[in-house]
Amino acid sequence: MDWHLLTKSILVTTEKNMRIYYFKGPVVVFGLLFPLIMFLTFFIGRDLDLILFFPGFLAMMLFFTASSVGPLITPWEKREKTYERLLSLPVILESIVIGDILAGAIFGAGISIIVFAACSLVLPLSVTSLPLLVLAFILGSVTFAALGTLLASPTTDNPSNIMMLSSLVRLPLMFISGIFIPLSQLTGWFFIFTSISPLTYLVDLFHAALNGDAVYPPWVDILVLIGVTLVFVWSAKVIQRRNLVKGI
Amino acid sequence: MDAVRATGLTKKFGTFSAVDNVSITIPEGSIFGFLGPNGAGKTTTIRMLTGVLVPDAGSVRIFGIDVHDDPIAAKLKMGVIPENGTVYSDLSALQNILLTAKFFGMERVTREERACEILERLGLSDRQDDLVRTFSKGMRQRVSIACAIIHAPPLLILDEPTTGLDVYSRRLVIDTVRRMNREGSTVLLTTHNIEEANALCSRISVINHGTIVATESPEKLKKTFDTSRYVEISFNREVDAPLFSASCIPNAEPYGDKWRVYTDDPDRTVKSLVTLADREGLSIVSIATSNPSLEEAFVTLTAGA
Ligand SMILES: Nc1ncnc2c1ncn2[C@@H]1O[C@H](COP(=O)(O)OP(=O)(O)OP(=O)(O)O)[C@@H](O)[C@H]1O
Ligand SMILES: [Mg+2]
């Protein structure tokens, strides 16, 4: 396998996704608006400490934007019948899977960084560790873009089925990840419950990077996020490979 | 070197055997036709050749490169028009072509020059910046072809490229295929249109129920299956069947406003018919002998499909 060719095929796939699926008015507006609405719904008028909750909000934002469009790409391409042509171009399954993930990660990180920059103008945010913050943006966007691509993998050419599945998986994750109640205030079973959500570790990593009030050591967050990403990518690949064998 | 060398391709969907032990060899520089009735397994075979579908058994080599072992290198050699595949409707014709060119690793300048040339050749220049969404079927197919030939592929694979096209688009496709072949591409195409295969291909494989039943040149196929010949004749006034039998011409059947006389010796039949007309004072309005047709061969080979 020629690495140069593989890299090239991944990058062109990413570019294709950005152009066709992400850089569209409604997509960008939705990406920005949805987390904002969630934010307003949960925080405004409840006299909460904005600074304390900001890492959770940022993680939610990144989680939502990075995994928003990814689930739709493959079903959409299958429905529009562009998938068959894409597969016959000089790509392999890995190029498509990784290209889809990269596009989602770029979109998620891009929008979240814009929102972070805007918020830091109006809120007195503190940054405890810049390297951790950068790492959190990168890891978080890649992990949840990978979740998006995994959600796109089941056999269907019907984007609305995937939308359902995607909401079914993503919404509950938000509620068990220490976004609305800080992890440090959770005890016993609640705490154990949150530890099964990968989003928890991103929330925690943002806490470490911004306020410095994380529950887990940063290396635990980082290892978990990397591990989860690998599982997502591997599963997406296995499922999509099986679809290729079935010819769908 | 052979452009395509596929051996023992086999694909089952569940218990249904769609393609069974199909082997194809296509020498470099030829135009190879793949003919078969609906559901015969043409598309399934093509999908395995182009690395889109994983075969249960068998191997494919494109110019010596194994599609399974090194898919990217093998696919770089191909330009493909899938049966069920289209270009992106949210991009313009030009954007689609340039994007495809990028997948093939073409340099920016080459990319743009060649795209321009091909758009011109396919008569799309004046619509090149319109979204494909607004295109008619024929125009979409032209964009699809443009994408398949942008990198001057050594191997061009087209799955039913002319289905649903009007005469002009069809001719354009055929001319493009011929031209690509002249410029050095090997071509593999599937079609239902027997005349098209006859006109284009130097060799044809007929596939039925997932297995190849014949691989020959079109002329040879026709000769082998040249069973029923006939002479068609019409006169200036109505005649009836006893007239033919009276002159020792059996097997005459009315056929529209004509008569069809089945025979294995057209020469003798024509002469007897002329004598008959002379004797009865009939004048012949038209007369024609049938030529062996590829359609005949096709139907014989795939009978009972
Ligand atoms: N992914 C699939 N799953 C199950 N069956 C399939 C699949 N793809 C094709 N088949 C079956 O395999 C058989 C061959 O199909 P194929 O598309 O190769 O035929 P074809 O020769 O291209 O026909 P046509 O001329 O109509 O395009 C058909 O009976 C079809 O139903
Ligand atoms: Mg077909």
Side-chain angles (χ1 to χ4, degrees), chain A residues 1-27 69 72-74 76-99 103 155 157 237-248, chain B residues 11-14 16 18-19 43-44 46-56 67-92 95-96 98-106 131-133 140 143-144 147-148 150-151 153 157 159:
Chain A
M1 181 59 61
D2 184 332
W3 288 101
H4 176 74
L5 289 177
L6 180 62
T7 315
K8 176 118 204 152
S9 68
I10 292 173
L11 293 180
V12 182
T13 308
T14 310
E15 186 196 322
K16 173 221 41 149
N17 291 336
M18 298 307 299
R19 271 193 23 210
I20 298 177
Y21 300 105
Y22 288 94
F23 286 156
K24 290 210 164 134
V27 175
V69 180
L72 293 175
I73 295 181
T74 301
W76 191 259
E77 293 227 359
K78 283 184 181 164
R79 154 161 295 194
E80 289 272 290
K81 301 194 187 303
T82 52
Y83 192 68
E84 185 91 4
R85 163 176 282 278
L86 176 64
L87 274 177
S88 66
L89 294 172
V91 297
I92 53 177
L93 197 54
E94 284 81 350
S95 335
I96 297 179
V97 170
I98 300 175
T155 320
D157 63 354
K237 212 200 98 174
V238 168
I239 298 175
Q240 297 202 18
R241 160 79 43 195
R242 205 155 52 197
N243 291 345
L244 280 196
V245 173
K246 282 195 277 185
I248 30 189
Chain B
K11 186 77 203 176
K12 277 196 161 77
F13 295 113
F16 174 74
V19 171
T43 300
T44 309
I46 298 276
R47 291 178 84 206
M48 289 191 277
L49 294 180
T50 53
V52 171
L53 180 69
V54 184
D56 296 340
V67 172
H68 185 75
D69 295 341
D70 197 348
I72 296 190
K75 287 171 172 185
L76 275 172
K77 303 238 174 250
M78 300 185 232
V80 182
I81 300 186
E83 181 181 27
N84 298 310
T86 60
V87 291
Y88 292 102
S89 40
D90 287 339
L91 296 181
S92 73
Q95 284 172 329
N96 262 301
L98 291 178
L99 180 70
T100 312
K102 260 190 200 170
F103 272 106
F104 284 99
M106 291 169 69
L131 291 189
V132 171
R133 188 172 290 294
R140 259 172 226 246
V143 179
S144 200
C147 289
I150 180 73
H151 57 299
I157 298 184
D159 198 351

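Just so it is clear: chains get the letters A, B, ... in the order the sequence lines come, proteins before strands, and each one is counted from 1. Because the structure is predicted, anything quoted here is derived from the model rather than measured.
- Side-chain contact between R85(A) and T86(B) is absent, with no heavy atoms from C-beta onward closer than 4.5 Å.
- Expressed to the nearest 0.5 Å, how far NZ of K81(A) lies from OH of Y88(B) amounts to 14.0 Å.
- With a 4.5 Å cut-off on non-hydrogen atoms, E83(B) does not touch chain A at all.
- Between chain B and the residues T13(A), I20(A), L11(A), L5(A), the largest count of heavy-atom pairs under 4.5 Å involves I20(A).
- Using a 4.5 Å cut-off between heavy atoms, F13(B) touches chain A through its side chain atoms alone.
- Side-chain contact check for K75(B) versus T50(B): every heavy-atom pair is 4.5 Å or farther apart.
- At a 4.5 Å heavy-atom cutoff, the contact between K246(A) and chain B is made by backbone atoms alone.
- Contact annotation: the side chain of L87(A) approaches that of L244(A) to within less than 4.5 Å [non-hydrogen atoms, C-beta and beyond].
- Looking at K12(B), there are no atoms closer than 4.5 Å to chain A (heavy atoms on both sides), in backbone or side chain.
- When heavy atoms are compared at a cutoff of 4.5 Å, L91(B) approaches chain A solely by way of its side chain, counted from C-beta outward.
- Among the candidates M78(B), R47(B), K11(B), the residue making the largest number of heavy-atom pairs closer than 4.5 Å to chain A is R47(B).
- Atom CG of residue N96(B) and atom CZ of residue R140(B) lie 10.0 Å apart, to the nearest 0.5 angstrom.
- Screening T44(B), I46(B), V52(B) for a side chain to side chain contact (heavy atoms under 4.5 Å, CB included) involving M48(B) leaves a single residue, T44(B).
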